[in-house]
Structures are given as structure tokens and as C-alpha cells.
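Right, one structure below, let's go through it.
Hydrogens, waters and symmetry mates play no part in the numbers below; they use all other heavy atoms, side chains included. The structure presented is a predicted model; accordingly, all values stated were derived computationally and were not measured. In what follows, residues are counted from 1 in the order of the sequence shown. We count ligands from 1, going down the list as the structure has it; atoms in each ligand are counted the same way.
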Amino acid sequence: DPEETLKPRPPVVTIMGHVDHGKTSLLDALRGTDVVRGEAGGITQHMGAYQIKTKGGDFVTFLDTPGHAAFTQMRMRGANVTDIVVLVVAADDGIMPQTVEAINHTKAAGVPMIVAINKCDKPEANPQKVRERLLEHSIVVEEMSGDVQDVEVSAKTGKGLDELIEKILLQAELMELKANPDRMAEATVIEAKLDKGKGPLATVLVNRGTLKVGDILVVGTESGRVRAMLDDKGRQLKQAPPAMPVEVLGIGGVPMAGDLLTVVESEQRAREVSAYRQEQATAKRTAMAPA
Ligand code: GTP
Ligand code: NA
Ligand code: MG
């Protein structure tokens, strides 16, 4: 619709980097939470989706990836939700195999990157070496007169975190990210699961429009009605604007990461759309099945 009124929306930032380089710790420091401590073995198993309010009142949405499988899988399914990648590199460990993979995925996606050189509190930290080694992967950071923003941080001491946020907001400003909040919502499934008590739960990121409690929806081949929505701190929400991640209750089954959620005007329409999508999915499976 060319008549749509687009309004500025928060950037969606995906955090990538090698195992244990401090992705979740950085987000914890930014959010004032302690997710790492609650993780089995300190390993991120699920995609986390969070929105923070910056000191200046701007919002930034963060996706924390368990490895970058989730990022690649979603992209393969056509879900390009990431505006900016923050590449986390531990200053003691340096460039590792998964750092290189993250660089390659980011380049393939054509998404701008900001390098956060983490663990700079450690005596063995060598941020300059990280910058030099990045050159081998054609990443030329500002410090080396390039155009990729970089910042020295410590999730432990909080060093550089304000600067990291500033750089994210600067990058976002250049991109002029906009969406129309005044329409029926479209969202992308970030992750989904079956909860014993609550039933199917999906964490979705609103792409455009505003998702509301009571909305009738189709997501992948499932349909339902938004019974409740929770933010990343478990607070109930009545509505979710563009770039807001929320957990949705009320879907008939468990959708897949990367599935599109579409709000429709009636239950009749929801049944039609989900039946159509089921046919398409079946046709695709039949076509792909070995003879
Ligand atoms: P995965 O999700 O398993 O890939 O790890 P991650 O990248 O999320 O790293 P995580 O936040 O789990 O941190 C790994 C370890 O590094 C933990 O023991 C953290 O306490 C530690 N760590 C993270 N950031 C810093 C930092 O800035 N300084 C120091 N000294 N330790 C840190
Ligand atoms: Na970890
Ligand atoms: Mg983690």
C-alpha cells in the first residue's frame, strides 16, 4: 500500500560470535539481568529476544543466537529480520572459527556489522591484535581507518557499553528504519515450543503493524487467537508495535522459527489461509519426496 504512513521503528540487532566470547553476558550487562547464570552449563540453547530502552529513551531490539544456526536457518526460510549484526570477539581469545563463520554469514546477508571487542578487562586482552586479524577477513575497522565501527567493551565492568549503544543508534539512524504501526500485524517467529501448562508458545518479532490481544492470526500452517502476550521480562502486554519481541499464547499448534505470522479479519479467513498453507506444504513435501 503506497498510501501507508511509515513511522520510525527500533533497530533489530543480532549478536553473533564464537562460543563463550560473551554474547549473552553483554546482553545481560545491557539489560541489567543475569540470563547466563540461569543457562545450563552457561551455554545458550535458545534464541533470546529482548528490547532495551536506552538512556536517551530510544529502543533497541536484540536477538541472542545459540551459535549462528538460527540466523542462517531463518535467512534460508526467507526471514530477514536482522538490521545490524554485533560481532562479539573476546580480546583474549581473538578470531576463532565461529567468528569467521559469523563474518561470512553477515556478509552474505548484506547486513552492516559493528565489532564489539569484549573481555577488555582481562590482563591478556589484546584488542589491537583482534583488529589486525579482522583485516584478513576484509573487515577494516574505524581504528584502522576503515568504515566498520568497533568498540572495546567489557561485559564484566561495563566498559564501553554506552559507546556500543551509541554506535548501534548511529548505524540505525543511517538506515532510516521505518514501519507502519497502524495496520493489522505481520510478525516473524523467532522460536516456538510446547509448554506443558500454557500450550504452544511462540516468540515473535513484529515486522509491521501492531499485534494486539484478541487478534485472529495464521502462523505458518497454524491458526489461533492471541490470548495473551508477554514481554521478555514476563510482563503482560495488550499490544506490541513494530520491532517488539513478544511471547504469544493462543496458537493452535507449534509453528517453526522463520514462519510468518499474519493477522486476519475473521476466523473464517484464518481457516482459509491455514488450509491453503497446509496444501502448499503438502505439495512441497510430495514434490521433494524420493520416488
Ligand atoms: P554461548 O552462548 O555459549 O556461545 O556463550 P556466550 O558468547 O553467550 O558467552 P557467555 O556470555 O556465556 O560468557 C562466557 C564466559 O565468559 C562466562 O564465564 C562469562 O562470565 C565470561 N565473560 C563474558 N564477558 C566477559 C568480560 O567482559 N570479561 C570477563 N572477564 N569475562 C567475561
Ligand atoms: Na557461554
Ligand atoms: Mg550465550
Between Asp83 and Arg9, is there a salt bridge with N-O shorter than 4.0 Å?
-> yes

Closer than 3.0 Å to the Na ion (ligand 2) - protein N, O or S atoms, ordered by chain and residue number | Asp20 OD1, Gly42 O

Are any side-chain N or O atoms of Asp215 and backbone N or O atoms of Ala185, one a donor and one an acceptor, separated by less than 3.5 Å?
-> no

Kindly compute the distance separating CD1 (Ile139) from CE (Met113), expressed to the nearest 0.5 Å.
-> 4.5 Å

Short check: any N/O/S atom of Thr24 below 2.8 Å from the Mg ion (ligand 3)?
-> yes

Euclidean distance, Met229 CE relative to Arg235 CZ, rounded to 0.5 Å | 13.5 Å

Any atoms of ligand 1 less than 4.0 Å from a non-hydrogen atom of Lys156? List them with their elements.
-> 26 (C), 27 (O), 28 (N), 29 (C), 30 (N)

Side chain, backbone, both or neither: Thr24 near ligand 1, heavy atoms under 4.0 Å = both

Which value, rounded to the nearest 0.5 Å, describes the distance between Arg131 atom CZ and Glu142 atom CD?
-> 10.0 Å

What about Val19: any of its N or O atoms under 3.5 Å from an N or O on ligand 1?
-> no

What are the atoms of ligand 1, with element, lying closer than 4.0 Å to any heavy atom of Asp121?
-> 26 (C), 27 (O), 28 (N), 29 (C), 30 (N)

Based purely on interatomic distance, does Lys119 place a nitrogen or oxygen under 3.5 Å from a nitrogen or oxygen of ligand 1?
-> yes

Without swapping roles, check the side chain of Asp92 against the backbone of Glu124 for a donor-acceptor pair under 3.5 Å.
-> no

Within the 4.0 Å heavy-atom cut-off, what His21 brings close to ligand 1 is backbone

Any residue meeting side chain to side chain contact (heavy atoms under 4.5 Å, CB included) with Lys53, in chain and number order, not counting sequence neighbours | Phe59

Is there a nitrogen or oxygen of Ser25 sitting under 3.5 Å from a nitrogen or oxygen of ligand 1?
-> yes

Check Val12, Val81, Asn80 against Asn207 for a side-chain contact (heavy atoms from CB on, under 4.5 Å) and give me the one that passes.
-> Val81

Decide whether the shortest distance between a heavy atom of Gly42 and an atom of ligand 1 is less than 4.0 Å.
-> yes

Closest heavy-atom contact between Ile84 and Gln171?
-> CD1-CG, 3.6 Å

Point-to-point distance, once rounded to the nearest 0.5 Å, from CG of Leu174 to CG of Leu169 = 11.0 Å

Heavy-atom pair with the smallest gap, counting every atom of Ala102 and Gly17 | CB-N, 4.3 Å

Check each atom of ligand 1 against the heavy atoms of Lys122 and keep those under 4.0 Å away; list them by number with element.
-> 30 (N)

Does an N or O from Gly22, backbone or side chain, lie closer than 3.5 Å to an N or O of ligand 1?
-> yes

